[in-house]
Amino acid sequence: MTRGRQALGRYGEAQAARWYTERGYEVVDRNWRVPDGEIDLVARRGPMLVFCEVKTRGGDRFGTAAESVTPAKQRRLRRLASIY
């Protein structure tokens, strides 16, 4: 991954963390990793945990960020959340 893309990804994760924080969530983990994968953000508000996949794009030429979270990626995120 290029440094520019890494910087864009870090920027997107910081923006997402700020969005959650401004809405009363506490960000309890960032880039949580196990051999099966990674969860970008874990946030908590009361008893509720939110597991967040952050996708930051410079444009939508190749599709929107939401479109890039495929069903397979959603399944992997659910599996990682159950491990967490």
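Along the sequence shown, the residues carry numbers beginning at 1.
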Taking 4.0 angstrom as the limit, do R30 and E13 come out as a salt bridge? no
Please check: side-chain N/O of R45 versus main-chain N/O of R23, any donor-acceptor pairing under 3.5 Å? yes
Can you name the nearest heavy-atom pair linking V27 to T21, along with the distance? CG2-OG1, 3.9 Å
Decide whether L49 and Y25 are clustered together by the hydrophobic rule: side chain heavy atoms of Ile, Leu, Val, Met, Phe, Trp, Tyr closer than 4.5 Å, transitively. no
If every non-hydrogen atom of G46 is compared with every non-hydrogen atom of R44, which pair is closest and at what distance? O-CG, 3.2 Å
Interatomic spacing from CZ in F51 to CZ in R78 - rounded to 0.5 Å: 13.0 Å
Here the gap from D29 atom CG to I39 atom CD1, rounded to the nearest 0.5 Å, amounts to 8.0 Å
Rounded to the nearest 0.5 Å, how far apart are CG of L80 and CZ of R75? 13.0 Å
Taking C-beta and beyond as the side chain, do R76 and D36 meet within less than 4.5 Å on heavy atoms? no
Less than 4.5 Å apart, any side-chain heavy atom of V28 and any of Y84? yes
List the atom of L41, the atom of A17, and the distance in Å for their closest heavy-atom pair. CD1-N, 3.6 Å
Output for pair (D40 CG, R33 CZ), nearest 0.5 Å, gives 9.0 Å
